[in-house]
Amino acid sequence: MNDPRIVELLAEMVRNQDITNQRLVSIDHRLEKLEDQQAKTNLAIGELRLSVMHLAERIETLVEHEKRIVALEQAVFKT
């Protein structure tokens with residue numbers, strides 16, 4: 001029952017489990033960093049979306065002004 005090989009195998013299993021645990025901790029840490037970065041990216045995308053929507057509204061306003069200016073020029077200059 002006191003076979004030294006069994007003790008060696010158990011010790012090796014414990015070492016391997018420790019290495020696996022270290023890798024899992026490292027992966028968990030990297031995953032947390034990725035989640036944080038994803039949250040920041042999502043916020044930035046939301047801000048860009050709003051900016052594009054505001055820009056689209058301003059472009060629509062400019063187009064309407066252009067139409068009014070053209071109509072006024074045609075009425076004034078009879079082109």
Ignoring hydrogens and angles, write down the donor-acceptor pairs under 3.5 Å from the side chains of residues 12-19, residues two or more places apart or on other chains.
from: N16; atom 1: ND2; to: E12; atom 2: O; distance (Å): 3.4
from: Q17; atom 1: NE2; to: N21; atom 2: OD1; distance (Å): 3.1
from: D18; atom 1: OD2; to: Q22; atom 2: NE2; distance (Å): 3.2

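- For H29, the side-chain contact (heavy atoms from CB on, under 4.5 Å) test picks out K33, with sequence neighbours left out.
- Applying the salt bridge (charged side-chain N to carboxylate O under 4.0 Å, His left out) rule to E8 yields the partners R5; only residues at least two apart in sequence or on another chain are considered.
- For K67, the salt bridge (charged side-chain N to carboxylate O under 4.0 Å, His left out) test picks out E64, with sequence neighbours left out.
- With sequence neighbours excluded, the residues satisfying side-chain contact (heavy atoms from CB on, under 4.5 Å) with I59 are L55, V63.
- Evaluation of the salt bridge (Lys or Arg N to Asp or Glu O under 4.0 Å) test over residues 46-63, restricted to residues two or more places apart or in two chains, returns none.
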Please list every donor-acceptor pair under 3.5 Å in which a side-chain atom of residues 34-41 meets a protein atom from a residue at least two apart or in another chain.
from: Q38; atom 1: NE2; to: N42; atom 2: OD1; distance (Å): 2.9
from: T41; atom 1: OG1; to: Q37; atom 2: O; distance (Å): 2.9

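- Remark: D28 CG to L31 CG distance equals 6.5 Å, nearest 0.5 Å.
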